[in-house]
Amino acid sequence: MAVLRILNYPDPRLKTVAEPVTDINDPIVQQMIADMLETLVNTPHCGGLAATQLDIQNPKRIFVFYDFFEDKNSKETPTVVINPEIVNTEGEVFEQEGCMSVYPNEILAAILRPARTHMRGLDRHGKPIEFIREGYLAKNFMHEVDHLNGKLYIDHLKPLKRTMLDKKIKKVRTDHAKQKEE
Ligand code: NI
């Protein structure tokens, strides 16, 4: 297992549309899953990661996340979702969101997401799994599925807000580059 590098915006690979997993037993796929889980558990303050935001060759439609559904106080369980499909969504929430690939310590923006999401997919053994989640996890699903479609949460912003945020991101990137030089 290996901890993978998280790609940073504006890395063009963040626009990759991932291909579905066709053979769950493919050792490359199982290695990808193991590495993604290893990366998740070694990344503090990270709720989920999609294959397309990691330094992976030919990323597949896989994401990993912490499912807090069972018991909010229980130990966080890293969960794997392969070939996720949104069955339906309900309601709307307008809340702040961030992303490990978009300077999460500095950049947040409020965007509109469904309040409740019904999603299905496969687990790492190929068994069908289904989730109906609200709040943070509902948003998280949409966020990760967006990643697998080459889309970032900031792509949901209205043009004016996006232009303003891009300026802020540019400044953060410049600051980070300066810190590296020092
Ligand atoms: Ni993200």
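Owing to the predicted nature of the structure, the values given are computational and were not obtained by experimental measurement. We count residues from 1, following the sequence as given. As the structure lists them, so they are numbered: ligands from 1, and atoms in each ligand from 1.
Listed by chain and number, the protein atoms of type N/O/S under 2.8 Å from the Ni ion (ligand 1) are C99 SG, H143 NE2, H147 NE2; waters are omitted.
Two residues are said to be in side-chain contact when any heavy atoms from C-beta on lie closer than 4.5 Å; F131 and D67 meet this criterion.
Screening E144, E90, E97 against R113 for a salt bridge (Lys or Arg N to Asp or Glu O under 4.0 Å) leaves a single residue, E97.
Ion pairing between E85 and R120 holds under the 4.0 Å rule for side-chain N and carboxylate O. At a threshold of 4.0 Å, the pair E134-R116 counts as salt-bridged, since one of the basic side-chain nitrogens sits closer than that to a carboxylate oxygen.
The aromatic rings of H143 and Y153 lie parallel to each other, with less than 30° between the two planes, well short of the 60° mark.
A donor-acceptor contact shorter than 3.5 Å links the side chain of R61 to the backbone of L148.
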